[in-house]
Each structure stands twice: as structure tokens, then as C-alpha cells.
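See structure below.
Start at 1 and go down the list; that is how both ligands and their atoms are numbered. Here the structure is a predicted model, which is why all the values come from computation and not from measurement.
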Amino acid sequence: MLPSISEELEKFRAGLERRNPGESEFHQAVMEVAGSIIPFIQDKPVYTKHRILERMTEPDRIIIFRVCWEDDQGRVRVNRGYRIQQNNAIGPYKGGLRFHPTVNLSVLKFLAFEQVFKNSLTGLPMGGGKGGSDFNPKDKSDHEVMRFCQSFMTELYHHIGPDTDVPAGDIGVGQREIGYMFGQHKRMTNEFTGVLTGKGLEYGGSLIRTEATGYGAVYFIEDMLAEQGEQIDGRRVAISGAGNVAQYAAEKAIQLGGKVVTLSDSSGFVYCPDGMEQEQLDWVVDLKNNRRGRIKEAADEFGWEFHEGQRPWSVPVDLALPCATQNELDAEDAKLLVKNGCIAVSEGANMPTTQAGIDYFQATRTLYAPSKAANAGGVAVSGLEMSQNIAKMSWEEAHLDERLRKIMQRIHDHCKEYGSNNNGHIDYLKGANIAGFTKVANAMLAYGVI
Ligand code: NDP
């Protein structure tokens, strides 16, 4: 008798945990995918015989290195740098760099694993990777950030290249950090190549890249709503975070007639019951990007409520876009959102909802777009930045936004194709996992056992 799906899943979990002890974020990301893929491949022995899922969980390689730099007082500081090259079956490794004190191997492995599926979903030829450091750029001067970035790149440059591995930004890595790292790479190799994406427009960056992740997450929710005959116009929207993804999710939601009632940072959230104006959002963007201030200052400026130490999921909204960090929305938050009338969730951040939170959304048939589909717009425009760099051209904003819009719609439609259930409900998580898996798996099969 064949083992049941739950027995298969438990066996798979035991192997995963034995090979990767203590890496809870990585276990969570892999088991969320396995929950869709193991049932899907049960009657497709070619994938099980070639151990494709197991092979996908094992990174092609992991590079770990010391990063030494000097602070403004001349003291020597030591951080740890990482690059996870997860899978390059369908293109060069591609994925961001995160600089945050919480960075460790488990976090980067979960992000690299997710990236493989996300990049596959974009339809562009990109493999998956991720990297970063436990360095905290927040409390450092510009010069300290520059010295750190130069030291980080002095080691990383051995392992990356426009046809090998093309990093980008993530939490704590914006255009400033990309500029310092790109400059150091150019200096060391004496080559001007598209080795990083998210660059400034003056040196090979692409229009719409900064906006792409946030815009894409809103385009995805627009498509999910359209499928149900609904729209964003007039809907109340909760957004967490106030960084790159949150800023442009808020901008696009406002453009489409949504009322953005919350933003947050790690100190708490602001609540603006009538929805914020674009000019108020511009003020927040300047606060966060240029003055590097705290979100509470926006509440003080505009008379909004500030809820210290809390996340924004307790206020009544129709739509929720978690855009800050992993595991920021748990089962209790999911229950509150649904109880207060939330009908759709689109994940701008990576893995922001815990497994119990996802289970609740699915049980209540809340429209739920997982990060690997909903936030794929960022890496998709990074892929377009790579194409422009190779062609030594710059495409126009309207063209890029149109390409982004179409890519998000295509991802939505792929998720629908693989995730439609007999009862009419679309399981976007299952759809994203299976659509992302199939392309990479078939490429791996073509290469034989390597
Ligand atoms: P930023 O560094 O620009 O902003 C991060 C935001 O999240 C800040 O408001 C930050 O608050 C908040 N935040 C970070 N950590 C925590 C925490 N532990 N608890 C509460 N709030 C926190 O990063 P991005 O906007 O680029 O990234 C946000 C998410 O989107 C991440 O999950 C990232 O992986 C994902 N993502 C980003 C892409 C991109 O193109 N940038 C592409 C795809 C996914 P504070 O300032 O107080 O730390």
C-alpha cells in the first residue's frame, strides 16, 4: 500500500529537520511548499524517482565569510557575510541582500528557497539566491556603511557575475548600499556590468524598479478582486512597514482609490481612520528615506493615532498588505482581520504570515496571495534591469510599468490554473507552489543527476 500524503509529509519533515537542525524559518518555508508539492507529485513518479523536491531543498552552495571594517572611531568591527546560491536550473542565481541584525543562516535559506519559486513564476530566466549580513546599517554613519559595503563586496565579488549570480537589495539594502557595492565591484574588476540590480538610474538602474514590489503586490490584489467582480476603489487598506515595499504599495493603493489607513515600523503602527493623502505619504517617504526617522513622527505631524509596539491588524479593513518582515501576522491577527471584514490579503513582505495564519485564511476562504506570487514584481523588474544592461539600453517608464502589470497578471493566471479547486475557490498558495515548481523541476530533470 502507498503511504498516505500525511505520512509522506512527516517523513519529508523528519529528513529536512535532521539535515538542517534548528533552522525554524527554513523548515517553515520548505514545509509550506511541500504541503502543495507532495500531493501534486504523488502520481508523477518521475519527480519522486529523481528526488527533485529533496534536491531543491539543498542549496547548490553556501558561502559564508568574515567582513571586517573600521568604524568612525577607528575601532575594528567584525560581521558575518553570506550568499546562498540555491538553484540555477533556469538562470543565474538572483535574489537580494539583507543587512539586519536578525540575519542568520536559517533566515537566508528560507529566503533563497522561496526565491527559486518566485523567480520561476515571473517567467524570466532567473535562478534563486539570497545573501546578506548581520550588519545593522541603521545606527551607522554614511562612511561606516560605505566601508562595510566595500569590505563585503571585496569578498562577495569572487562569487558573483552577470551570468553567475546577480544580487539586489532587501531589508536594509537600498540604493545607497547598492551604489557602494556596485562601485567597489567596478573598481575591483575594472568592468561595468549588470552584476547588481536596484542600481541608481545614472549607472544602469531601471525605471520602476524602486516601485515594482509594492506596485506588484497591489496589482495582484486587484486581479484577485477582479476575479470576484470586486475592485480596490473605496476599500480600506491596512499596510505594515514603511520601507521600500510598503511605500509603493501605499502609493498604488491610493492611486486606485483605496483608503490606506495604516503604516508601521518596528516601534509600532500609525492609524489614519479616513485614509492618508498622497502628500502625507510623500512626507512619510521623506521621513523614512532621507531623515531616517520613526513612524511615530508621522502621527505627531498629522494627528494620527500611534499604537506603540503593536501591529496594524486590529483595525477594521477590507484589504491587508503585510509589507514589513517574516512572521508578522499570526493566527490571532488573521482571526481579527477576518472578523473585522477583511476579504483579501496580498503579501508584499516575504513569508509575513505564519503557517497557522495561512491555515485560517484558507479555512475561511479569504483571498490569500502568498509572497512568492504577490511580491514577485520586484525581481521581475530586476530581470528587466538585467536585460536592459545586456542590451545597453534604458526602457521607458510606461513600457516597464506595462510589462510589470502583464507579468503580475500572468502570475495570477498561472496560480489560478494550478490552484482552482472543484468548489470554485482559488487556492493561490497551491497554484503558486505548483506553477513555480514545475518549470524548475523539468529543467533539473533535463540535466540528469547533478
Ligand atoms: P526596508 O528595509 O525598506 O523596510 C522594512 C520595513 O519593515 C521597515 O519599515 C522596518 O521598520 C520594518 N521591519 C523590519 N523588520 C521588522 C521587524 N522585525 N518588526 C517590525 N517591523 C520590521 O525593506 P523592504 O521594504 O525592501 O522589505 C520589506 C519586506 O519585503 C521584506 O520581507 C523583504 O524581504 C520583502 N521584499 C522586498 C523586495 C524589494 O524589492 N525591496 C522584493 C521582494 C520582497 P524599521 O525601520 O523600524 O526596522
What is the nearest protein non-hydrogen atom to [atom], stated with its residue, atom name and distance?
| atom | result |
| --- | --- |
| atom 40 (O) of ligand 1 | Thr213 OG1, 2.7 Å |
| atom 48 (O) of ligand 1 | Lys138 NZ, 2.8 Å |
| atom 9 (O) of ligand 1 | Ala242 N, 3.0 Å |
| atom 4 (O) of ligand 1 | Gly243 CA, 3.3 Å |
| atom 32 (O) of ligand 1 | Asn350 N, 3.1 Å |
| atom 34 (O) of ligand 1 | Asp170 OD1, 2.6 Å |
| atom 25 (O) of ligand 1 | Val245 N, 3.0 Å |
| atom 18 (N) of ligand 1 | Thr325 CG2, 3.7 Å |

Does [X] make a cation-pi contact with [Y] (under 6.0 Å, within 45 degrees of the axis)?
| X | Y | result |
| --- | --- | --- |
| Lys109 | Phe26 | yes |
| Arg291 | Trp283 | yes |
| Lys186 | Tyr203 | no |

Under 3.5 Å, N or O to N or O, is [X] touching ligand 1 that way?
| X | result |
| --- | --- |
| Asp265 | no |
| Gln326 | no |
| Arg98 | yes |
| Arg294 | yes |
| Asn375 | no |
| Gly169 | no |

Side chain or backbone of [X] under 4.0 Å from ligand 1, or both, or neither, by non-hydrogen atoms?
| X | result |
| --- | --- |
| Cys323 | backbone |
| Ala246 | neither |
| Gln115 | neither |

- Query: Heavy atoms only: which of Gly241, Ser267, Ala324, Ala249 is nearest to atom 28 (C) of ligand 1?
  - Reply: Ala324
Pairwise distance [atom1]([X]) to [atom2]([Y]) - rounded to 0.5 angstrom:
| X | Y | atom1 | atom2 | answer |
| --- | --- | --- | --- | --- |
| Leu256 | Ile232 | CG | CD1 | 5.0 Å |
| Gln184 | Met153 | CD | CE | 8.0 Å |
| Thr122 | Leu404 | OG1 | CG | 11.0 Å |

- Query: Mind checking whether His307 and Phe269 have parallel, tilted or perpendicular rings, split at 30° and 60°?
  - Reply: parallel
Salt bridge or not for [X] and [Y], using N-O below 4.0 Å?
| X | Y | result |
| --- | --- | --- |
| Lys118 | Glu114 | no |
| Glu332 | Lys335 | yes |
| Lys94 | Asp165 | no |
| Arg77 | Asp71 | yes |

- The single option from Phe135, Phe65, Tyr157 passing ring-ring contact (aromatic ring centres under 6.0 Å, His included) against Phe152: Phe65
- Query: Can you name the residues that form a ring pair (Phe, Tyr, Trp, His ring centres under 6.0 Å) with Tyr93, not counting sequence neighbours?
  - Reply: none
- Query: So is Arg209 in contact with ligand 1, going by heavy-atom distances below 4.0 Å?
  - Reply: yes
- Is Ser264 near ligand 1, meaning one of its heavy atoms is under 4.0 Å from it? yes
- The salt bridge (Lys or Arg N to Asp or Glu O under 4.0 Å) partner of Glu222 among Arg405, Lys252, Arg235 is Arg405
- Message: Tell me whether atom 16 (C) of ligand 1 lies less than 4.0 Å from at least one protein heavy-atom position.
- Response: yes
- List every atom of ligand 1 that sits less than 4.0 Å from any heavy atom of Gly172, numbering the atoms from 1 in the order shown and giving each element. 2 (O)
- Query: By number and element, which atoms of ligand 1 are closer than 4.0 Å to a non-hydrogen atom of Ser266?
  - Reply: 11 (O), 20 (C), 21 (N), 45 (P), 47 (O), 48 (O)
